[in-house]
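I have placed the structure first, in the form of structure tokens, so that the comments after it can refer back to it.
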Amino acid sequence: MKKIYIAFIAAIALVASLYSCSNAQFGELYPDPSKTSTATCDKLLTGTLYAGNQNTFNSYWRMYTWDNYFGKLAQTIGFKNNSGTVYYINDGYANDRWNNFYDILRNFRVLENVYSQDNDLDNKIFVDLAEVFVIDHLSQLVDIWGPVPYSEACYLGINFDLASSYAAYDDDKDLYTTMLQRLDALYTEIGSLSGSISANTKSKLAKQDFLCLGDLDMWQRYCNTLMLRLAVHVSANGTLTSTGKQYASTAASRKLVTDLDNSIMAKSDNDGFKYYENFRDGYKDINNTASQAIIDAMQITGVDDPRLKVIYVPGEDGLYHGYSTYETDEQQNERAGSAHNTEETRYYARLNGKTFTYNNFMESPVMSAAEAWFLLAEAYQQGYASGNAETAFKKGVEMSIKAYYKSNMNSQQTQTSSSVQANDFKATEYPSDASIETYATEVWGAYSNKLEAIMTQKWVHFGILQATQAWTDIRRTGYPSLYYPADGADNNGYKTVTQRVKYPNTEASNNAENYAAAAAMTNNDSPYHSLFWAKTIN
């Protein structure tokens with residue numbers, strides 16, 4: 001990993017130190033790519049991937065600031081109901097997430113430009129793979145904000161035209177259409193290129209691609225499963241339902257992420273990129289408490305979900321209690337108070353340290369097999385594609401159970417605490433396939449509404465590691481149906497659950513004209529404006 005870092009650090013220098021495509025100071029900060037010999041397509045692929053690392057890995061910043069907020073909205077983490085920050089997000093956090101995407105996009109624009117200049121078809125694969133990654137992060141931005149700058153954004157370092165660098169916001173419906181079209185084309189092109197690239201390019205790709213290690217079959221699966229995710233997202237509500245169904249049907253017939261071996265996972269690394277330490281710092285003491293809504297879903301059949309003991313550690317009474325939105329402030333204060341503030345007296349269940357907080361080799365899901373199977377189950381159940389929804393649902397449950405057990409079993413700890421770790425369950429093998437099949441069948445039968453079954457189990461799978469995806473699913477389907485009490489504390493005007501995030505304040509000041517147009521499309525930039533594909537949750 002250190003060698004990869006050294007190899008692409010010069011390429012990253014082309015686009016470093018920039019945080020808004022529209023800030024007037026940036027003109028003098030961009031070096032001219034045509035005047036350096038270090039900006040090569042292979043290194044710029046790595047630069048694009050690396051620019052997105054803090055929102056691809058479960059880093060401290062992502063988990064403690066950004067996903068902490070969405071974990072509350074999705075109720076995948078335990079939290080106090082009257083904290084004053086249940087529904088309010090700090091503008092600085094929003095600004096950081098916004099800027100990070102445009103760091104990714106700036107790298108990609110330089111990559112596109114370098115490729116257009118060398119015109120070496122052998123380098124096209126680096127552009128295609130980077131674009132898949134860019135679309136993944138772009139879709140996350142669109143799902144959070146709605147309209148965002150994209151088609152005109154981040155060209156200042158290419159054309160050096162400051163006047164045109166104040167990028168207009170693309171309509172989110174247009175962006176979804178473009179993303180689906182591009183993923184469809186990229187899937188085919190990656191497959192075609194995989195059989196024609198040179199041995200030298202394959203060697204470079206294996207060295208520079210630290211996400212899939214140059215495995216183009218995995219990139220195709222990533223690309224197509226991402227297309228399935230986005231297609232399903234817009235198939236139920238809004239103006240793109242027919243488009244979504246068309247692409248969902250196409251994606252369901254192609255290669256997808258299907259098992260643990262071809263899941264797209266960002267791997268922590270003891271040789272320089274120690275993301276597990278950052279995750280632990282954010283979660284070992286803060287937001288370490290279980291969600292009662294998750295526990296309820298994991299006990300829906302009357303027996304414990306096999307994942308329960310590898311996700312949580314029970315309280316002093318041996319039972320799993322989580323923070324509940326139905327609890328009063330007094331109840332939460334008492335149950336988390338001085339009488340229950342040690343490991344031995346703890347009332348609330350906490351995260352299993354061997355799976356999460358003290359797991360030096362915890363992997364961060366980018367596109368998991370469980371999600372892919374749940375997407376297929378939804379597409380089959382809703383008639384977007386032909387297939388057996390129950391079979392796909394059971395595979396989703398199986399892949400989720402095995403993914404959490406794999407994380408737990410692969411845990412290798414260099415730091416331990418006997419008082420913290422004494423009660424943490426460590427598995428030695430997966431549950432048997434027969435027991436998983438039995439459990440999945442019982443869960444399927446526990447719901448009369450099969451879409452609710454699919455979405456609830458997918459939400460359980462997302463858990464704390466993919467809270468933003470969990471929140472998106474809740475907004476678009478209404479499942480699981482959760483209770484959102486009013487935040488009774490000082491809440492900056494955010495008393496109830498929001499539908500989107502307001503644009504960062506820097507956009508209003510740095511890109512005022514285009515921001516005003518985007519605000520007009522989002523009910524004056526209201527956090528309570530529902531996006532075109534979403535239902536209103538309350």
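- Contacts of E334 classified as side chain to side chain contact (heavy atoms under 4.5 Å, CB included), with partners at least two apart in sequence or in another chain: H340.
- H233 and S139 form no side-chain donor-acceptor contact under 3.5 Å, judged by distance and modelled atom types alone.
- Listed by chain and residue number, Y326 satisfy the ring-ring contact (aromatic ring centres under 6.0 Å, His included) test with Y483 (two or more places apart in sequence, or in another chain).
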Let me see the working for E327 and K80 under salt bridge (charged side-chain N to carboxylate O under 4.0 Å, His left out), right down to the final yes or no. CA-CA 9 Å; E327 290 176 306; K80 299 195 73 173; over 6 Å; no
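- A heavy-atom distance below 4.5 Å is not found between the side chains of E371 and M399.
- Contact check on K450 versus E390 returns no salt bridge, with no Lys/Arg side-chain nitrogen under 4.0 Å from an Asp/Glu carboxylate oxygen.
- In this structure I144 satisfies the side chain to side chain contact (heavy atoms under 4.5 Å, CB included) test together with W66, F70, V501, sequence neighbours excluded.
- Of all heavy-atom pairs spanning Q75 and I294, the tightest one is O-CG1, 3.9 Å.
- Screening residues 301-311 for side chain to side chain donor-acceptor pair (under 3.5 Å) gives Q299-D304, D305-R307, D305-Y439, R307-S400, R307-Q457 as the qualifying pairs, with residues at least two apart or on separate chains.
- For K394 and W444, the positive end is not near the middle of the six-membered ring at less than 6.0 Å and at most 45° from its axis.
- With sequence neighbours excluded, the residues forming a ring-ring contact (aromatic ring centres under 6.0 Å, His included) with Y348 are Y323, listed by chain and number.
- Proximity of L256 to W373: side-chain heavy atoms (C-beta onward) are nowhere separated by under 4.5 Å.
- Proximity of M227 to Y187: side-chain heavy atoms (C-beta onward) are nowhere separated by under 4.5 Å.
- Shown here are the side chain to side chain contact (heavy atoms under 4.5 Å, CB included) partners of A130, two or more places apart in sequence or in another chain: L45, T48, F108, L111.
- Ring geometry, H321 versus Y347: the interplanar angle falls under 30°, so the pair is classed parallel (tilted spans 30 to 60°).
- Residues meeting the side chain to side chain donor-acceptor pair (under 3.5 Å) test with D184, sequence neighbours left out: R254.
- Every residue was checked against the ring-ring contact (aromatic ring centres under 6.0 Å, His included) condition with H529, not counting sequence neighbours, and none meets it.
- The stretch residues 373-384 participates, sequence neighbours left out, in these salt bridge (Lys or Arg N to Asp or Glu O under 4.0 Å) pairs: E378-R476.
- Note on R229 versus D136: salt bridge recorded, some NZ/NE/NH1/NH2 to OD/OE distance being below 4.0 Å.
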Walk me through whether D215 and R221 qualify under salt bridge (charged side-chain N to carboxylate O under 4.0 Å, His left out). CA-CA 10 Å; D215 187 330; R221 293 177 187 275; over 6 Å; no
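- Checking S324 against Q292 by side-chain atom types alone, no donor-acceptor pair falls below 3.5 Å.
- Between the side chains of Y176 and D143, at least one donor-acceptor pair of N or O atoms lies under 3.5 Å.
- Under the 3.5 Å distance criterion, with hydrogens and angles disregarded, a donor-acceptor pair is assigned to the side chains of S530 and T536.
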CA sep, side-chain torsions, deciding dist, call: Y222, W219, ring-ring contact (aromatic ring centres under 6.0 Å, His included): CA-CA 5 Å; Y222 177 15; W219 273 104; 5.5 Å; yes
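- Counting only heavy atoms from C-beta outward, the side chains of Y484 and L482 approach each other to under 4.5 Å.
- Side-chain atoms of Y404 and N352 form no donor-acceptor pair, as typed in the model, at a separation below 3.5 Å.
- The closest side-chain donor-acceptor pair between R62 and S59, if any, does not fall under 3.5 angstrom.
- Residues forming a side chain to side chain contact (heavy atoms under 4.5 Å, CB included) with S386 (at least two apart in sequence, or on another chain): none.
- No donor-acceptor contact under 3.5 angstrom links the side chains of S435 and T438, judged on distance only.
- Take Y88 and apply the ring-ring contact (aromatic ring centres under 6.0 Å, His included) test, not counting sequence neighbours, and it matches Y494.
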Test D433 against K402 for salt bridge (charged side-chain N to carboxylate O under 4.0 Å, His left out), laying out the working first. CA-CA 10 Å; D433 289 343; K402 288 183 176 179; 3.1 Å; yes
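- Under the side chain to side chain donor-acceptor pair (under 3.5 Å) criterion, S407 pairs with N359, sequence neighbours left out.
- The shortest side-chain heavy-atom distance between D67 and T468 falls under the 4.5 Å cut-off.
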D487 and K495: salt bridge (charged side-chain N to carboxylate O under 4.0 Å, His left out), yes or no, with the steps? CA-CA 5 Å; D487 189 339; K495 290 188 69 69; over 6 Å; no
